[in-house]
Amino acid sequence: MSLKNFKGIKEETRVELKPITSLYSENSGGKSTILHAFLYDYERLVRGNPDPHMTYLGGKFVNLGGFRNLINDHDISKTMMIGFELDLRMKSKDKSLSDLIPDYLTEIE
């Protein structure tokens, strides 16, 4: 995951996420920022809401405060970046990615 100009993160910052990732740091260390980035992207991409306050996934427990609250220094002239990379290579020696794709999706006539 990459973040730039998101909440307290000004410069581009990469966070390696694995199948199991633990977040721990001192108070105000950025743990909630990472979770808020996921919630914001869900609201923006899945629900089509670029200015979320309350979130569908967070319910009444998470209030993002809208876009102005999420952009670094509340400066809407800045460009916010949230990026994700997916590695689809299989780690198993017994299966390949094509084993997981149904035949009807790979057949092209």
Side-chain angles (χ1 to χ4, degrees):
M1 165 187 251
S2 299
L3 298 170
K4 181 178 178 182
N5 288 324
F6 186 82
K7 295 185 80 169
I9 298 174
K10 183 175 183 176
E11 300 299 321
E12 184 173 348
T13 303
R14 293 184 52 86
V15 179
E16 283 289 323
L17 300 173
K18 301 290 183 181
I20 297 176
T21 300
S22 296
L23 300 175
Y24 57 94
S25 71
E26 68 280 351
N27 290 340
S28 299
K31 301 176 297 287
S32 295
T33 296
I34 293 168
L35 297 175
H36 288 173
F38 281 111
L39 290 171
Y40 178 64
D41 256 12
Y42 181 86
E43 287 296 315
R44 192 172 54 89
L45 298 173
V46 175
R47 298 182 46 90
N49 182 6
D51 191 29
H53 289 267
M54 303 307 282
T55 66
Y56 176 78
L57 296 175
K60 64 181 179 179
F61 301 105
V62 178
N63 184 343
L64 296 179
F67 181 80
R68 187 177 291 274
N69 191 55
L70 296 173
I71 191 82
N72 180 260
D73 291 333
H74 309 286
D75 182 353
I76 61 171
S77 69
K78 291 182 177 181
T79 300
M80 176 193 296
M81 192 233 1
I82 301 173
F84 298 96
E85 290 179 27
L86 298 175
D87 183 355
L88 299 176
R89 292 176 290 183
M90 296 295 293
K91 301 289 185 204
S92 171
K93 295 178 183 176
D94 299 329
K95 292 185 177 181
S96 69
L97 184 58
S98 62
D99 293 333
L100 301 174
I101 300 171
D103 290 337
Y104 65 86
L105 291 178
T106 59
E107 293 177 8
I108 300 175
E109 298 194 31

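All figures in this text were calculated on a predicted structure; none of them were measured in a lab.
Residues Asp41 and Phe84 meet the side-chain proximity criterion, which asks for heavy atoms closer than 4.5 Å. In this structure the side chain of Leu3 never reaches within 4.5 angstrom of the side chain of Met81, judged on heavy atoms. Two residues are said to be in side-chain contact when any heavy atoms from C-beta on lie closer than 4.5 Å; Ile76 and Phe67 meet this criterion.
The structure places CG of Leu70 at 8.5 Å from CG of Asp51, a figure rounded to the nearest 0.5 Å. With rounding to the nearest 0.5 Å, the separation of CG in Asp73 from NZ in Lys10 is 6.5 Å. Taken from CZ in Arg68 to CG in Asp75, the straight-line distance is 8.5 Å, to the nearest 0.5 Å. Taken from CG in Leu57 to CG in Leu35, the straight-line distance is 11.5 Å, to the nearest 0.5 Å. Residue Thr13 holds its OG1 atom at 9.0 Å from CD1 of Ile34, rounded to the nearest 0.5 Å. In this structure, Asn5 CG and Ile71 CD1 are separated by 5.5 Å, a value rounded to the nearest 0.5 Å.
Scanning all heavy atoms of the two residues, the minimum distance from Gly30 to Ser25 falls at N-OG, 4.3 Å. In terms of heavy atoms, Thr21 sits closest to Glu16 at CG2-O, 4.4 Å.
For CZ of Phe61, the number of neighbouring non-hydrogen atoms (other residues, nucleotides, ligands) closer than 6.0 Å is 12 at most. Counting heavy atoms of neighbouring residues, nucleotides and ligands inside a 6.0 Å radius, atom NZ of Lys31 exceeds 12 of them.
The pair Arg14-Glu12 does not meet the salt-bridge criterion, since no charged nitrogen lies less than 4.0 angstrom from a carboxylate oxygen.
The residue from Glu11, Lys4, Lys78, Lys7 that alone fulfils the side chain to side chain donor-acceptor pair (under 3.5 Å) condition with Asn72 is Lys78. When each of His36, His53, Met54 is paired with Leu64, the side-chain contact (heavy atoms from CB on, under 4.5 Å) condition holds for His36 and for no other.
Phe6 and Tyr40 have tilted rings, their planes meeting at an angle from 30° to 60° on a 0 to 90° scale.
Both Ile9 and Val15 are assigned to one and the same hydrophobic cluster, defined by single-linkage of ILVMFWY side chains at heavy-atom distances under 4.5 Å.
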